[in-house]
Participant: 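Here it is, the structure, as structure tokens.
It should be emphasised that the depicted structure is a prediction, and the values quoted were computed from it without experimental measurement.
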Amino acid sequence: MKKLFVILLLTSLSYASKSQTLILAKDAAQYVGKTVTICDSVYSTKALEKISLINLGGAYPKELLTVAINKADISKFSSEPATMYLGNNICITGVVSEFKGKYQIVVTEPKQIVVK
């Protein structure tokens with residue numbers, strides 16, 4: 001009986017940790033601090049010295065959400081993220097945050113971005 005309880009507990013915890021809320025990029029403001037999945041088109045990108053930026057829902061400066069990938073994490077990708085995702089439809093999973101009045105998700109792992 002104990003083994004069954006432990007298995008059920010682990011299964012439910014695993015399921016809960018994998019569930020995210022699927023939202024539109026235009027609704028990101030309502031989910032600051034929460035883990036979500038946002039699917040949209042990549043309209044523009046920019047590779048800077050310390051960060052790569054991927055803009056969803058519109059081209060800069062009218063983007064709805066920016067995906068930020070810090071220099072330390074760019075090496076985890078097979079190529080420069082700003083180049084490899086441009087023009088694609090992608091889904092991003094992560095925590096929505098606000099930076100200088102705009103909304104972003106900071107990506108630290110390639111598995112957070114899925115090309116659709």
Participant: Check whether any side-chain heavy atom of Ile105 sits under 4.5 Å from a side-chain heavy atom of Ser97, and report yes or no.
Facilitator: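 No, side chains not in contact.
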Participant: Quick one, Met84 and Ser78 - any side-chain contact, counting heavy atoms below 4.5 Å?
Facilitator: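 The answer is yes; the side chains approach within 4.5 Å.
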Participant: Quick one: do the Thr108 and Asp73 side chains pair a donor with an acceptor below 3.5 Å?
Facilitator: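 Thr108 vs Asp73: no donor-acceptor pair found between side chains.
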Participant: Could you tell me which non-hydrogen atom of Ser52 sits nearest to which non-hydrogen atom of Ile74, and how far apart they are?
Facilitator: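 Closest approach of Ser52 to Ile74: OG-CD1, 3.4 Å.
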Participant: Specify the closest pair of heavy atoms between Gly57 and Asp40, including all atoms of both residues, with the distance to one decimal.
Facilitator: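 Residues Gly57 and Asp40, closest heavy atoms: CA-OD2, 3.6 Å.
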Participant: Does Leu56 reach the side chain of Thr66, with side-chain heavy atoms less than 4.5 Å apart?
Facilitator: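 Contact flag for Leu56/Thr66 side chains = no.
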Participant: Should the pair Glu109-Lys76 be classified as a salt bridge under the 4.0 Å nitrogen-to-oxygen rule?
Facilitator: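 Salt bridge: yes.
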Participant: Are Lys46 and Leu48 close enough that some pair of their side-chain heavy atoms sits under 4.5 Å apart?
Facilitator: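 Of all side-chain heavy-atom pairs linking Leu48 with Lys46, at least one is under 4.5 Å.
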Participant: For residues Ile23 and Val32: do they belong to one hydrophobic cluster (side chain heavy atoms under 4.5 Å, members Ile, Leu, Val, Met, Phe, Trp, Tyr)?
Facilitator: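 The answer is yes; both residues are in one hydrophobic cluster.
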Participant: Ignoring hydrogens and angles, tell me if any N or O in the side chain of Glu80 forms a donor-acceptor pair with the backbone of Ala82 under 3.5 Å.
Facilitator: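 Pair found, side chain donor or acceptor close to backbone of Ala82.
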Participant: Please check if Val115 and Phe77 belong to a single hydrophobic cluster, counting links between Ile, Leu, Val, Met, Phe, Trp and Tyr side chain heavy atoms closer than 4.5 Å.
Facilitator: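 Yes, it is one cluster - the side chains of Val115 and Phe77 are joined through contacts under 4.5 Å.
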Participant: The test is side chain to side chain contact (heavy atoms under 4.5 Å, CB included); show your working for Thr35 and Thr93 and say whether it passes.
Facilitator: CA-CA 7 Å; Thr35 300; Thr93 300; 4.3 Å; yes
Participant: Closest heavy-atom contact between Gln112 and Gly94?
Facilitator: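 Closest heavy-atom pair between Gln112 and Gly94: NE2-CA, 4.0 Å.
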Participant: Contact between Ile69 and Ile51 at the side-chain level, heavy atoms closer than 4.5 Å - yes or no?
Facilitator: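 A side-chain contact is absent here, since even the closest heavy-atom pair is not under 4.5 Å.
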Participant: What residues, two or more places apart in sequence or in another chain, satisfy side-chain hydrogen bond (donor to acceptor under 3.5 Å, both in side chains) together with Gln30?
Facilitator: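 Gln30 satisfies side-chain hydrogen bond (donor to acceptor under 3.5 Å, both in side chains) with no other residue.
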Participant: Walk me through it: do Cys39 and Leu22 pass the test side chain to side chain contact (heavy atoms under 4.5 Å, CB included)?
Facilitator: CA-CA 8 Å; Cys39 298; Leu22 181 61; 3.9 Å; yes
Participant: Kindly say whether Pro61 contributes a backbone atom to a donor-acceptor pair with the side chain of Lys102 at under 3.5 angstrom?
Facilitator: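 A pair under 3.5 Å: yes.
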Participant: Would you say that Leu64 contacts Tyr103 through its side chain, given a criterion of any heavy-atom pair below 4.5 Å between the two side chains?
Facilitator: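 Side chain of Leu64 against side chain of Tyr103, heavy atoms only: no contact under 4.5 Å found.
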Participant: What distance do Asn88 atom CG and Ile113 atom CD1 have between them, rounded to the nearest 0.5 Å?
Facilitator: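 One gets 10.5 Å once the value is rounded to the nearest 0.5 Å.
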Participant: One pair to check against side chain to side chain contact (heavy atoms under 4.5 Å, CB included): Ile92 and Val107. What are the steps and the verdict?
Facilitator: CA-CA 8 Å; Ile92 310 298; Val107 168; 4.0 Å; yes
Participant: Do Cys91 and Ile38 come within less than 4.5 Å of each other through their side chains, counting heavy atoms only?
Facilitator: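 The answer is no; the side chains never approach within 4.5 Å.
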Participant: What's the separation between atom OH in Tyr60 and atom CG in Asn55, rounded to the nearest 0.5 Å?
Facilitator: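 Tyr60 OH to Asn55 CG: 9.0 Å, rounded to 0.5 Å.
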Participant: Write down the atom of Gly33, the atom of Val95, and the distance for their closest heavy-atom approach.
Facilitator: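 Closest pair (atom of Gly33, atom of Val95, distance): C-CG1, 3.7 Å.
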Participant: Test side chain to side chain contact (heavy atoms under 4.5 Å, CB included) on Leu53 and Val67; report intermediate values, then the result.
Facilitator: CA-CA 6 Å; Leu53 304 172; Val67 177; over 6 Å; no
Participant: Is any side-chain heavy atom of Ser41 less than 4.5 Å from a side-chain heavy atom of Tyr43?
Facilitator: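 Contact flag for Ser41/Tyr43 side chains = yes.
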Participant: Consider only side-chain N and O atoms of Glu63 and Ser44, and report whether a donor and an acceptor are under 3.5 Å apart.
Facilitator: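 No, no side-chain donor-acceptor pair sits under 3.5 Å.
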